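Step one of this worksheet: look at the structure below.
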Protein chains: 2
Amino acid sequence: MIPKKTFPAARLKNVQHINNQTIFAKVAHSHSHEHDLIDLRAKLRGKDRRITKPREEILELLGKEDHPVTAKFIHEKLSGTCDLVTVYRSLKLLESMSLVKRFNFGDNTTRFELISSTDHGHHHHLICKACRTVVEIDECFDPSMESKIAKKHGFHNVTHELEFFGICSSCQAT
Amino acid sequence: MIPKKTFPAARLKNVQHINNQTIFAKVAHSHSHEHDLIDLRAKLRGKDRRITKPREEILELLGKEDHPVTAKFIHEKLSGTCDLVTVYRSLKLLESMSLVKRFNFGDNTTRFELISSTDHGHHHHLICKACRTVVEIDECFDPSMESKIAKKHGFHNVTHELEFFGICSSCQAT
DNA sequence: TTACTTATTGAAATAAACTTGCAATTAAGT
DNA sequence: ACTTAATTGCAAGTTTATTTCAATAAGTAA
C-alpha cells in the first residue's frame, strides 16, 4: 500500500529490474520452458480437461518471466488474445495442477510464478519496499524447524511462505 | 481462496480456535493492554494528531485478540460505534505509528495484530489451510541468514515475513 | 471429414476489500 | 467557551477477483 502511492509508475508498469540474480533465473527458466507445455498436456490428458490456447500462452509467458507476475500483467502482455477472466481461471487451473505457484507480497494483489522443475517452486523473494524490485532467493532455513513446529502443534503437511523486504541499493541513494 | 470455498462458515465468522498457544498469548496481551493506550497518547502528542474514541476502541479490541484480525471483524465487534472506513483509516494510522502490524495469510484480506512490547511484533503464524485456525509461533530462524541475504544483494533494512501453513489435528480427522 | 458432446471462453453482472471526496463533527489549544 | 483543523460518516468510486450464461471450440467417435 505504501509503495503503491510512492511509486505508482513502477507498480503500474509492473517493472522488475534486471540484475545478476534475475538474469540467472531467466536462463534457468528458458531451459525448462517447452518442458512445461509437455507437462501441461500430460497433466490434462484423460481428465475431461482441454489444452487451450490461453492456457498454453499463459504458461509460455510465465516461462519467460523472471519473477511472480499479476493476472493483470499477464492479460496486458497477451494483449487481446484472451479475456482477463480467462487469465484468472487458467491460473487457478495451473495452480491446481502444480504448474504455477501463488505469491503475496503484501500489496493486495496475487502474483503467479511458474514452478520450476529444479526447486519444485520452493524458493523465496527479496522485495524492495520502495521500487518493488524482486530478487529470487535460493537460501532457506533448516527444514528441521518446520518439522519441529509441525510436531509441536500437531499439524500435518506443513509448508511455509517466506519473503524478505528491504531497500535495494539504487533506492538507498535517492 | 481454497479454504474460502471449503469452509465458508469459518471464514465468515472469523473463527479462531483456542489451544494452549493462544491462551498463553491472551495472558501476555492483557498485561501490556493499558500500556498500549499510553503508547498511543505518547505517540500522538504534539503531532497535529488526535486521540479519538475509534482509535482507542480499536487498540483496546486488538489488545484482547489472540491473532491477527480483519478490518471487517473489528468493525463487527465494535458494532456501530464507528464506520468501517474509520476502522481502515485508524488501522493505517496505528500501523504507521508501529502500534499495529499488518499480515497477509494468502486469502486476499489483510489482518492486523497489536505489536506486543515483548517481541516488537516479530513473530510468525501457523495457519490451518482447512479451517484457518491460527497458532502463534515464537521460533524463528538464525538472523544471520537475513544479514547474509541483505549483504549479498546490497539491500538495507531487511526484514522478513514468514508464515507456516498446514492441516491442524482436528482437520486431519475429517 | 463431419457430427457430437461438453469443457472452456467472453461479456456483463456481482462481490469483496479498500479508498476518496466532502460536509458535518469533535478533539485540543488558547 | 471559542476557534481551528483533524477526524468522522456517508456516498461514491477503485481494484481485484468471481459467477452466470450463452456462444465457442477442443476432443472423440463415426
Side-chain angles (χ1 to χ4, degrees), chain A residues 1-6 8 11-12 14 40-59 68-76 78-97 102-112, chain B residues 1-6 8 11-12 14 40-59 68-76 78-97 102-112:
Chain A
M1 219 114 295
I2 299 134
K4 199 175 195 172
K5 274 196 162 176
T6 334
R11 220 197 132 254
L12 237 102
N14 220 305
L40 175 67
R41 288 167 197 284
K43 292 203 177 186
L44 289 180
R45 193 154 301 147
K47 283 200 174 184
D48 286 353
R49 294 256 115 132
R50 289 168 192 183
I51 299 153
T52 66
K53 202 172 275 178
R55 288 169 188 180
E56 290 184 315
E57 283 178 345
I58 290 167
L59 210 52
V69 292
T70 63
K72 197 179 156 197
F73 175 85
I74 294 169
H75 180 242
E76 281 164 6
L78 260 42
S79 61
T81 59
C82 79
D83 197 272
L84 179 59
V85 186
T86 301
V87 175
Y88 279 117
R89 284 193 277 225
S90 297
L91 285 169
K92 191 174 273 184
L93 178 80
L94 294 172
E95 189 195 12
S96 76
M97 299 193 319
R102 174 187 296 258
F103 287 96
N104 215 305
F105 294 165
D107 60 350
N108 298 331
T109 61
T110 308
R111 280 155 214 270
F112 298 86
Chain B
M1 222 113 295
I2 300 134
K4 200 176 197 171
K5 274 196 162 176
T6 334
R11 220 198 132 254
L12 238 101
N14 219 305
L40 175 67
R41 288 168 197 282
K43 293 204 177 185
L44 289 180
R45 193 154 301 150
K47 282 200 174 182
D48 286 355
R49 294 256 114 130
R50 289 168 191 183
I51 299 153
T52 66
K53 202 172 277 177
R55 289 169 188 180
E56 290 185 313
E57 283 178 345
I58 289 166
L59 209 51
V69 292
T70 64
K72 197 178 155 199
F73 175 84
I74 293 170
H75 180 241
E76 281 165 6
L78 259 43
S79 59
T81 59
C82 78
D83 196 271
L84 178 60
V85 185
T86 302
V87 176
Y88 280 116
R89 285 194 275 225
S90 298
L91 286 169
K92 192 174 273 184
L93 178 79
L94 294 173
E95 189 194 13
S96 76
M97 300 193 319
R102 174 187 295 259
F103 288 96
N104 215 306
F105 295 165
D107 60 350
N108 299 330
T109 62
T110 307
R111 279 154 214 270
F112 298 87

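In this text the structure is predicted, and so the values were computed from the model without any measurement. Chain identifiers are assigned alphabetically (A, B, ...) following the order of the sequence lines, protein sequences preceding nucleic acid strands; residue numbering begins at 1 within each chain.
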Look at all strands and tell whether B/Leu84 reaches a base, only sugar-phosphate, or nothing, counting heavy atoms closer than 4.0 Å.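 No contact at all - B/Leu84 keeps every heavy atom at 4.0 Å or more from the nucleic acid.
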Using a heavy-atom cut-off of under 4.0 Å over every strand shown, decide if B/Arg89 touches base, sugar-phosphate, or nothing.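 Since a base atom lies under 4.0 Å of B/Arg89, the category is base.
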Contact under 4.0 Å: [X] side-chain N or O vs [N] OP1/OP2:
{"X": "A/Thr110", "N": "D/dA17", "answer": "yes"}
{"X": "A/Lys92", "N": "D/dT18", "answer": "yes"}
{"X": "B/Arg45", "N": "C/dA28", "answer": "no"}
{"X": "B/Tyr88", "N": "C/dC18", "answer": "yes"}
{"X": "B/Arg55", "N": "D/dT7", "answer": "yes"}

How long is the line joining [atom1] of [X] and [atom2] of [N], in whole Å?
{"X": "B/Asp48", "N": "C/dT26", "atom1": "CG", "atom2": "C1'", "result": "16 Å"}
{"X": "A/Asp107", "N": "C/dA17", "atom1": "CG", "atom2": "P", "result": "17 Å"}
{"X": "A/Arg49", "N": "D/dT28", "atom1": "CZ", "atom2": "C1'", "result": "18 Å"}
{"X": "A/Lys47", "N": "C/dT6", "atom1": "NZ", "atom2": "P", "result": "20 Å"}
{"X": "A/Asn104", "N": "D/dA17", "atom1": "CG", "atom2": "P", "result": "9 Å"}
{"X": "A/Ile51", "N": "C/dT9", "atom1": "CD1", "atom2": "P", "result": "12 Å"}
{"X": "B/Lys72", "N": "C/dA15", "atom1": "NZ", "atom2": "P", "result": "13 Å"}

Of the nucleotides D/dT7, D/dC21, D/dG27, which has the atom closest to the B/Thr52 side chain?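 Output: D/dT7.
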Side-chain donor/acceptor of B/Ser90 to backbone N/O of B/Val87, under 3.5 Å: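 No, the answer is negative, given that no donor and acceptor are paired below the 3.5 Å cut-off.
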